[in-house]
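Working notes, beginning with the structure itself.
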Amino acid sequence: PGHILLGKIVERIKDTEFGIYDLSREGRPNVILELGIAIGLGKPYYIVTRKGCMLPSDLAGLDHIEYASFEDLTRQLVQKVIPRHARQST
């Protein structure tokens, strides 16, 4: 049963244009697994964390977006993500 769910997750990640992975909450290894799948598949990804959260040491060197509130996160995503992917779609 677990491999069936994992297969569905892999297929969803394959079908996405890009992924946004919030690593702010500890104890969510599934998000790190999903990020790893996206990286392995060569899919564009964005790591986001709430300000003050520590990334795991093996991910600390990757670019990420820090946000203070969901409004701040929305603003940053609109500024950084949408223009990049709008250019690629045209």
Side-chain angles (χ1 to χ4, degrees):
H3 67 281
I4 294 171
L5 178 59
L6 182 59
K8 289 179 181 180
I9 291 169
V10 170
E11 288 305 312
R12 294 285 305 258
I13 293 170
K14 281 182 182 177
D15 291 342
T16 61
E17 186 175 333
F18 61 89
I20 299 172
Y21 302 91
D22 191 337
L23 301 181
S24 299
R25 292 180 51 196
E26 290 185 37
R28 305 263 327 249
N30 58 315
V31 178
I32 294 174
L33 175 62
E34 292 162 8
L35 171 62
I37 292 168
I39 292 170
L41 291 172
K43 300 298 284 190
Y45 62 89
Y46 297 90
I47 299 171
V48 299
T49 59
R50 188 172 282 279
K51 286 191 179 181
C53 288
M54 297 291 294
L55 284 174
S57 60
D58 53 343
L59 300 177
L62 299 176
D63 288 336
H64 65 282
I65 298 169
E66 285 188 325
Y67 63 93
S69 65
F70 287 115
E71 293 80 16
D72 180 36
L73 176 59
T74 301
R75 180 185 54 74
Q76 290 193 63
L77 290 174
V78 166
Q79 289 176 345
K80 297 175 183 176
V81 177
I82 293 175
R84 178 177 176 191
H85 291 280
R87 285 192 307 267
Q88 292 176 356
S89 297
T90 57

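Fair warning: this is a prediction, and the values are worked out from it, not measured in the lab.
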Looking at side-chain heavy atoms only, is the closest gap between [X] and [Y] below 4.5 Å?
| X | Y | answer |
| --- | --- | --- |
| Leu33 | Ile9 | no |
| Ile65 | Leu77 | yes |
| Tyr46 | Val81 | yes |

Item checked: Inter-residue atom distance Arg75.CZ - Lys80.NZ, 0.5 Å rounding ->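 Here the rounded value is 8.0 Å.
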
- prompt: To the nearest 0.5 Å, what is the distance between OH (Tyr21) and CD1 (Ile37)?
  reply: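 Taking OH in Tyr21 and CD1 in Ile37, the distance rounds to 8.0 Å.
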
Side chain to side chain contact (heavy atoms under 4.5 Å, CB included) between Ile20 and Val48, worked out:
CA-CA 7 Å; Ile20 299 172; Val48 299; 4.0 Å; yes

- Task: Check step by step if salt bridge (Lys or Arg N to Asp or Glu O under 4.0 Å) holds for Lys8 and Glu11.
- Result: CA-CA 5 Å; Lys8 289 179 181 180; Glu11 288 305 312; over 6 Å; no

Open item on the list: Please determine whether side chain to side chain contact (heavy atoms under 4.5 Å, CB included) holds for the pair Ile47 and Leu35, giving the CA-CA distance in whole Å, both sets of side-chain angles, and the decisive distance to 0.1 Å.
Closed with: CA-CA 8 Å; Ile47 299 171; Leu35 171 62; 3.7 Å; yes

Notebook entry, point to check: Looking at Thr74, Asp22, Asp72, Thr49, which one forms a side chain to side chain donor-acceptor pair (under 3.5 Å) with Tyr67?
Noted result: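 It is Asp22, the one option of Thr74, Asp22, Asp72, Thr49 that forms the side chain to side chain donor-acceptor pair (under 3.5 Å) with Tyr67.
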
Given the rule that I, L, V, M, F, W and Y join up when any side-chain heavy atoms are under 4.5 Å apart, are [X] and [Y] in one cluster?
| X | Y | value |
| --- | --- | --- |
| Ile39 | Val10 | yes |
| Leu73 | Ile82 | no |
| Met54 | Ile32 | no |

Heavy-atom closest pair, residues [X] and [Y]:
| X | Y | value |
| --- | --- | --- |
| Lys14 | Lys43 | O-NZ, 3.0 Å |
| Cys53 | Ser24 | SG-O, 3.4 Å |
| Leu55 | His64 | CD1-ND1, 3.5 Å |

Tell me whether the count of non-hydrogen atoms from other residues, nucleotides or ligands lying under 6.0 Å of CG in Asp58 goes above 12.
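Atom CG in Asp58 is packed in, count exceeds 12.
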
Between His85 and Phe18, how do the two ring planes meet: parallel, tilted or perpendicular, split at 30° and 60°?
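Judged by the thresholds at 30° and 60°, the geometry between His85 and Phe18 is parallel.
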
Does a side-chain N-to-carboxylate-O contact under 4.0 Å join Asp15 and Arg12?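 Salt bridge absent between Asp15 and Arg12.
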
Less than 6.0 angstrom from the centroid, inside 45 degrees of the normal: does Arg50 satisfy that with respect to the ring of Phe70?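 Yes, Arg50 lies over the aromatic ring of Phe70.
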
